[in-house]
A.B. asks: 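First, the structure itself, so that you have it in front of you.
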Amino acid sequence: MKKNILLIATGGTIASSLTVDGLSPGISSDELLSFVPEVREICNVDTMQLLNIDSTNIQPEYWVLMVEEIEKQYEKYDGFIITHGTDTLSYTASALSYLIQNPNKPIIITGSQKPIDAEFTDAKKNLTDSFRFASEGNIRGVFIVFDGKAILGTRARKVKTKSYSAFESINFPVAALIDNNRIAKYIITEERRKKVKFYKKIFPSIFLLKLAPGMDPDVLDYIGEKYEAVVIESYGVGGVPFLEKRNFLEKLGRLTENGKIVVIATQVMLEGSDMTIYEVGIKALKKYKILQAYDMTIESVITKLMWIMADTKDFEKVKKKFYTSINDDIFI
Ligand code: ASP
C-alpha cells in the first residue's frame with residue numbers, strides 16, 4: 001500500500017526564482033511537486049503552503065506553526081516532508097526534534113542549493129530522495145535529507161555555502177544513504193514505546209556569543225540584562241578566559257548567581273567539549289553553575305534551551321533535562 005505523505009512548503013532556495021532584488025521564494029508547494037511527478041508512483045501526496053520565506057527570516061514561533069500543522073495532520077498521514085531554506089535548516093531540524101518527541105513517523109526536512117526551476121539543480125534529487133525515504137517504512141523521527149544523505153535532526157549542520165554537499169552529520173554517523181532506489185540505513189530507530197508528544201511553547205531568549213581574543217567581557221553585562229541564557233562558543237575543548245582585564249569567568253559567574261543559564265560550547269566543529277582537562281575549563285565548572293555542550297551541535301544546544309526554558313528556568317531542572325539525551329542529541 002502506498003504511503004500518504006504531506007508536503008509542507010516553507011520557502012527557501014528550492015522555491016525561489018530570480019527577481020530584481022535577487023533570489024526570492026515564490027514557487028508554491030503544488031508547483032514544487034509538479035517538478036517531480038514520479039514521486040506519485042512512490043506515494044500519495046498532499047501539499048500545503050505554511051510559509052514562503054527565505055529561511056534567514058525564520059522565527060522560533062514559526063517552528064511552533066510547523067508543530068501545530070503536523071499535530072493537526074498527524075493521524076491522517078504516514079509521513080511529513082518540510083521544504084525549507086538551507087541557511088537555518090539545521091536549527092529547524094533541531095527545534096522540531098525537541099518539539100515533536102517520540103514520533104512514530106518520518107518528519108523529513110529538505111531544501112536545495114539551487115532553485116527547482118534552474119537548469120542545473122539539486123532540488124529534484126533532494127525532494128525525490130525525501131519522498132523515497134519518507135515512504136520507506138520504519139523511519140521514525142526528524143531527519144534532514146540532502147545530497148543523498150539522511151542526517152538525524154539533532155546532528156545536522158550546514159558546512160558548505162555553495163556546494164550540493166552542504167550538510168554534515170556532527171559527532172554522529174549518517175543515518176542513511178539514499179541512492180536512487182537504494183536506501184542503506186545505518187541507524188535504525190525502534191518503534192517508540194511512548195506516545196508522540198507535541199510541545200507548543202518556545203522560549204527564544206537565548207544569546208549565542210562567539211569568543212575572540214581581545215573581546216571585552218563587559219558585553220556580558222548587556223547580555224545579562226536582555227537574555228535569560230547565554231551559550232558561549234569558546235575555544236577547543238572549552239574554557240573561559242580569566243586573565244587580566246578580560247576576565248570572562250568573573251562576569252559569567254555573576255550571571256549564574258543572577259539565575260541566568262550559561263552553557264560553554266566550542267567553536268570547533270567536531271568532537272565537542274570536555275571542560276575537565278584544562279584549568280580554564282575546570283575553574284569555571286568548579287566555581288559556578290555552568291553547563292557544557294559536550295558533543296551537541298550549537299543548533300541543538302540553542303533549540304534545546306528554547307524548549308527546556310519554556311518550561312523551567314531553575315538551574316537544576318534545566319541541567320537534568322539538558323543532559324538527558326533526546327533524539328540522540330548528546331552522548332556523555
Ligand atoms: N537563503 C536561502 C534560505 O535559507 C538559502 C537556501 O535555501 O539554500 O532560505
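These figures come from a predicted structure and were not determined experimentally.
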A.B. asks: Think Lys201 forms a cation-pi with Trp307, using NZ or CZ under 6.0 Å from the six-ring centre and within 45 degrees of its axis?
C.D. replies: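 Checked: cation-pi criterion not met.
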A.B. asks: Is there a side-chain contact between Leu291 and Phe315 in this structure, where contact means two heavy atoms from C-beta onward sitting under 4.5 Å apart?
C.D. replies: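 Yes, side chains in contact.
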A.B. asks: Could you tell me whether the side chain of Leu209 reaches within less than 4.5 Å of the side chain of Glu233, counting heavy atoms only?
C.D. replies: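 Answer no - side chains too far apart.
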A.B. asks: So that I can tick it off, tell me whether Asp328 and Arg155 are bridged by a salt bridge, with the cut-off set at under 4.0 angstrom between side-chain N and carboxylate O.
C.D. replies: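 No, this pair does not count.
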A.B. asks: Does some side-chain heavy atom of Ile232 sit less than 4.5 Å from a side-chain heavy atom of Leu252?
C.D. replies: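 In short, these two side chains touch, coming nearer than 4.5 Å.
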A.B. asks: Decide if the gap between the ring center of Tyr294 and the ring center of Tyr323 is smaller than 6.0 angstrom.
C.D. replies: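 Centroid separation for Tyr294 and Tyr323: below 6.0 Å.
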A.B. asks: Whether the Ser169 and Lys149 side chains hold a donor-acceptor pair (N or O, under 3.5 Å, no angle test) is what I'd like checked.
C.D. replies: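 Distance-only check fails for Ser169 and Lys149.
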A.B. asks: Sequence neighbours excluded and cut-off under 3.5 Å, please list the side-chain donor-acceptor pairs for residues 131-138, or say none.
C.D. replies:
unit_1	atom_1	unit_2	atom_2	d
Arg132	NE	Asn180	O	3.3
Arg132	NE	Asn181	OD1	3.1
Arg132	NH1	Asn180	O	3.1
Ser135	OG	Phe131	O	2.6
Asn138	OD1	Arg140	NH2	3.3

A.B. asks: Under 3.5 Å, which donor-acceptor pairs do the side chains of residues 9-23 form with other protein atoms, sequence neighbours left out?
C.D. replies:
unit_1	atom_1	unit_2	atom_2	d
Thr10	OG1	Thr83	O	2.6
Ser16	OG	Gly12	O	2.8
Thr19	OG1	Asp21	N	3.1
Thr19	OG1	Gly22	N	3.4
Thr19	OG1	Gly22	O	2.6

A.B. asks: Find out whether Thr154 and Thr297 are in side-chain contact, i.e. whether some heavy atom of one side chain is under 4.5 Å from a heavy atom of the other.
C.D. replies: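 Answer no - side chains too far apart.
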A.B. asks: With a cut-off of 3.5 Å and sequence neighbours excluded, list every side-chain donor-acceptor pair involving residues 237-246.
C.D. replies:
unit_1	atom_1	unit_2	atom_2	d
Arg246	NE	Gly214	O	3.2

A.B. asks: Just checking, is any N or O donor in the side chain of Ser28 or Glu31 under 3.5 Å from an acceptor N or O on the other one?
C.D. replies: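 Note: Ser28 and Glu31 side chains meet the donor-acceptor criterion.
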A.B. asks: Mind jotting down which residue pairs meet the side chain to side chain donor-acceptor pair (under 3.5 Å) criterion with at least one end in residues 204-218? Sequence neighbours excluded, please.
C.D. replies: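 Found Asp218-Lys251.
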A.B. asks: Tell me whether Lys304 forms a cation-pi arrangement with Phe322, defined as NZ or CZ under 6.0 Å from the six-membered ring centre and within 45 degrees of its axis.
C.D. replies: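 Yes, a cation-pi geometry holds between Lys304 and Phe322.
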A.B. asks: Can you confirm whether Ile223 sits close enough to Val219 that some side-chain heavy atom of one is under 4.5 Å from a side-chain heavy atom of the other?
C.D. replies: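 Counting from C-beta outward, Ile223 and Val219 do come under 4.5 Å.
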A.B. asks: With side chains defined as the heavy atoms from C-beta onward, is the minimum distance between Tyr278 and Lys283 less than 4.5 Å?
C.D. replies: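 A side-chain contact is absent here, since even the closest heavy-atom pair is not under 4.5 Å.
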A.B. asks: Would you say that Ile82 contacts Ile70 through its side chain, given a criterion of any heavy-atom pair below 4.5 Å between the two side chains?
C.D. replies: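 Side chain of Ile82 against side chain of Ile70, heavy atoms only: contact under 4.5 Å found.
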A.B. asks: Atom NZ of residue position Lys321 - does it have more than 12 heavy atoms of other residues, nucleotides or ligands inside 6.0 Å?
C.D. replies: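 It does: Lys321 NZ has more than 12 such atoms within range.
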A.B. asks: Any side chain to side chain donor-acceptor pair (under 3.5 Å) involving residues 256-277? Give me the pairs, sequence neighbours left out, ordered by first then second residue.
C.D. replies: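 Output for this query lists Glu228-Lys260, Ser273-Gln292, Asp274-Thr276.
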A.B. asks: Are the charged groups of Lys200 and Glu71 less than 4.0 angstrom apart, N to O?
C.D. replies: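 Yes, Lys200 and Glu71 are salt-bridged.
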A.B. asks: Which residue pairs satisfy the ring pair (Phe, Tyr, Trp, His ring centres under 6.0 Å) criterion with at least one member in residues 31-89, sequence neighbours excluded?
C.D. replies: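 Found Tyr74-Phe198.
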